[in-house]
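Note on naming: letters A, B, ... go to the chains in the order of the sequence lines (proteins, then strands), and numbering restarts at 1 for each one. The basis for the numbers below is simple: all heavy atoms, side chains too, and nothing from hydrogens, waters or symmetry mates. What you see is a predicted model, and the numbers here were worked out from it, not measured in a lab.
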Amino acid sequence: MSSTASTQSGQNAQSLTLVEAIQDGLYTEMSQDDSVVVLGEDVGKNGGVFRATDQLYEEFGEDRVIDTPLAEAGIVGASIGLAQTGMKPVPEMQFMGFMYPAFDQIVSHAARLRSRSQGQYSVPMVIRAPYGGGIRAPEHHSESKEAFFVHEPGLKVVSPSTPYDAKGLLAASIHDPDPVIFLEPKLIYRAFRDDVPTKPYEVSLSEAAVRREGSDISVYTWGAMTRPVLIAAENLSQSHGIDVEVIDLRTLSPLDIETITDSFKKTGRAAIVHEAPKTGGLGAEIATTIQEEALVHQEAPIKRIAGFDAPMPLHSLEDYYLPQAVRIQDGIRETVDF
Amino acid sequence: MNMKNEAGSKDVPAPVREDSDLVQILDAEGNVLPQASVPDISDRQLLELYETIKLARHFDQRAISFQRQGRLATYAPMTGQEGSQVATSLALAEQDWLFPTYREHAAKYAHGMELASLFEPLRGHQEGYAIPEDVNVMPEYIPIATQVPQAMGMAWGHKLQGKTDTAVMCHLGDGATSEGDFHEGLNFAGVFDVPAVFVCNNNQWAISVPRERQTASETIAEKAQAYGLDGVRVDGLDPLAVYKVASEALEKARNPGPGELRPTLIESVQYRFGAHTTADDPSVYRDESEEEVWRDRDPVDRIETYLYNEGILDSDLESEIQDSVEQEVSEAIETAEQTAASPDNIVEYVYEDVPARLEQQRDELNRLREKYDDGAFSEVLE
């Protein structure tokens, strides 16, 4: 039994952090379906470097929570093979910055096996990876390169911003018949708690969430940036009377285009906030989609508030690199005042 | 036969190194070597082996010719490697899985794929990638060595689920042994002791780079030792030896004896007689004299001589088999040439359900097809 669940036994919901919700989600899915296996570096006895697989090894044993050799291509490649035998592998990439050795396995094979076999084989697999900056980590530990995977047909890409969503999106990802890249914003792994139902539930992979309703501007974001955006929205509402609508995309591929455009049609202004580098980032995709679908509603240039086109700096400078409240508020004001 | 004496001049890479460990049954002519033990294989199976090798040789010649005529796109020839491909596949049980590269046309055919479906992708129709439900063959792997960890994973999945009556055979080339995926896959295979057989088709050349430049190790088979696998070297132009080595490795993968390891790396020592692909010209990077050394050990001639010696084959049966393989290949290319590709196939198998945005993109294409007709897509609009 998971520690988080055992302390709350008998209740319908538990107050969990995001990483605890992921652990609870893995526990729930593994309890319901013997074919779900977790594998990766340090996921077993150690419970994962972020404790996301805490106690799963004790509960489900070494054949379902598997410590592998240190080899990302091997882990993902082996998972593709495991999936062909009816198992549902949930490989963990310890950090997104270490995911590149597995990139070929992901884009050349996991994403394409269905089309390469004309529908005969598929890869129902969820690759989990902690991503993003702000935790004062060493070099290569703060990557936010979701656009790589969004660009690849055949993959789905998910990034939760709340503990509730983390468990529900993880469940939907594990039940999904296609390969899912599940990006966990490690900055908010333990930043706050949320009521998370003990029972199994899904959060759909096809719907963005309207986190805050507003009429002046739509701000699109996901993952760890959702919180500073919500804080900025409150600040602007109180200090400048700007009414910000905040859309948390949750699933980055496929995008919920309807929610994106519906919001824009209402507000006529948009800003996209992401911590990944600006050029070629998902912000460009969202801005163009809005222009294709709803140009006549547009009242101001669409603003991208993003990381710089530079490697994430070491931690003494990362507050400048990441879109913080100051940049978010300034960008929103500039767009609304256009 | 003493292969040491056949090593080339200093200018030409030695075709085969020290070969005391090389498993052989037939000599260069096709006579059974003294002390060699012929695998327990029926006359009917021997004829199947021969007929499939003959078919592969003819398929290869026709495919190259069709490519020259513009009827097929780039093709990776297999002449010289058919004996090993067919023998390894015939060693597979029906439930076993095959992971082929882009060159294992005959291996795929021998494990159940239709001949026509091998031609269809070469005609640009991905419909030919469709694999029948009862055939345990994975799609061909084009990126080098990426299949190795995947094959390992499948074998691992079978083992974790107690299905060790099913073995996985994974083909790779000598160039693949330089890739990280090769090392990661074999390392995992050793750590988790999975029922897999990795067949390195060492054809001496990774496009223009000779095996000597691919690895400094004496043999490829010896790499197995580093991962805790068994390594075996076999004369890949001797179909009987390949069949024996592959059968034994597969049997051990399923039912290892006390202290035995399940996984094996087989180095099947071969030669690519032709080009890497029809887009390649080997005369730029290698000497013809090198090829002659290997021509003397051609797998087709050797198995033929063996069958004649054993009284299993005579000239009537030989020409009957030749006629039948020619007809089979002709029919396959005719079938492939009748296949028409549907543009809907572009979006069909990307996800289990076609996402809304992709559906819109298909609708947009179909709207233009209706407006301008299909011919317009290969024309310059005025």
Side-chain angles (χ1 to χ4, degrees), chain A residues 34-35 37 39 63-64 66-87 89 91 101-102 104-105 107-124 152-156 176-179 205-206 253-258 289, chain B residues 97 99 126-133 135-161 163 166 168 170 179-181 183-192 194 196 345-353 355-358 360:
Chain A
D34 287 346
S35 70
V37 293
L39 66 159
D63 281 350
R64 293 190 62 202
I66 307 164
D67 277 325
T68 65
L70 198 164
E72 288 78 10
I75 293 167
V76 174
S79 296
I80 294 170
L82 287 170
Q84 301 318 302
T85 68
M87 297 175 76
D104 184 36
Q105 288 290 343
V107 301
S108 301
H109 298 293
R112 298 174 65 126
L113 190 54
R114 186 185 292 283
S115 53
R116 287 177 57 235
S117 65
Q118 294 288 284
Q120 176 73 350
Y121 309 135
S122 61
V123 186
E152 185 60 40
L155 299 176
K156 293 181 179 176
D176 198 274
D178 290 304
L205 301 188
S206 60
S253 177
L255 282 171
D256 177 2
I257 290 168
E258 197 179 345
T289 299
Chain B
W97 279 82
F99 282 67
Q126 54 198 30
E127 282 82 352
Y129 282 157
I131 291 152
E133 229 170 87
V135 174
N136 288 351
V137 173
M138 292 297 282
E140 63 186 10
Y141 282 79
I142 292 176
I144 303 303
T146 50
Q147 69 277 21
V148 178
Q150 296 182 30
M152 175 275 153
M154 181 188 277
W156 190 20
H158 289 149
K159 186 187 173 190
L160 286 168
Q161 296 171 84
K163 263 182 65 183
T166 302
V168 175
C170 175
E179 292 272 10
D181 278 5
H183 302 277
E184 296 189 19
L186 259 59
N187 188 47
F188 273 60
V191 168
F192 297 108
V194 302
N345 191 294
I346 294 171
V347 304
E348 191 68 28
Y349 301 111
V350 183
Y351 298 92
E352 181 163 283
D353 298 317
R357 198 173 211 188
L358 196 50
Q360 279 172 13

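B:Tyr351 and A:Leu155 get closest at one heavy-atom pair: OH-O, 2.6 Å. Nearest approach of B:Gly157 to A:Thr85, heavy atoms of both residues: CA-OG1, 3.6 Å. Contact detail for A:Gln105 and B:Pro149: the closest heavy-atom pair is NE2-CG, 3.5 Å. Of all heavy-atom pairs spanning B:Val350 and A:Asp178, the tightest one is O-OD1, 4.3 Å. Residues B:Phe192 and A:Thr68 share a closest heavy-atom pair of CZ-CA, 4.2 Å.
For a residue to count as touching a neighbouring chain, one of its non-hydrogen atoms must lie under 4.5 Å from one of that chain's; by this rule A:Asp63 touches chain B with backbone and side chain alike. No part of B:Glu348 comes within reach of chain A, as not one of its non-hydrogen atoms sits under 4.5 angstrom from that chain. Residue contact with chain A, scored on non-hydrogen atoms closer than 4.5 Å, is absent for B:Ala151. With a 4.5 angstrom heavy-atom cutoff, B:Leu160 touches chain A only via side-chain atoms. Contact annotation for A:Gln120: only side-chain heavy atoms (C-beta onward) come within less than 4.5 Å of a heavy atom of chain B. Contact of A:Pro254 with chain B is made through the side chain alone, with heavy-atom distances under 4.5 Å.
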Pairs under 3.5 angstrom only: tabulate donor-acceptor contacts from the side chains of residues 136-146 of chain B to other protein residues two or more places apart or in another chain.
{"unit_1": "B:Asn136", "atom_1": "ND2", "unit_2": "B:Gln95", "atom_2": "O", "d": "2.9"}
{"unit_1": "B:Tyr141", "atom_1": "OH", "unit_2": "B:Gln150", "atom_2": "OE1", "d": "2.7"}
{"unit_1": "B:Thr146", "atom_1": "OG1", "unit_2": "A:His109", "atom_2": "NE2", "d": "2.7"}
{"unit_1": "B:Thr146", "atom_1": "OG1", "unit_2": "B:Pro143", "atom_2": "O", "d": "3.0"}

Do any side-chain atoms of residues 70-84 of chain A form donor-acceptor pairs under 3.5 angstrom with protein atoms, and if so which ones, sequence neighbours left out?
{"unit_1": "A:Ser79", "atom_1": "OG", "unit_2": "A:Ile75", "atom_2": "O", "d": "2.7"}
{"unit_1": "A:Gln84", "atom_1": "NE2", "unit_2": "A:Ile80", "atom_2": "O", "d": "3.2"}
{"unit_1": "A:Gln84", "atom_1": "NE2", "unit_2": "A:Ser122", "atom_2": "O", "d": "3.0"}

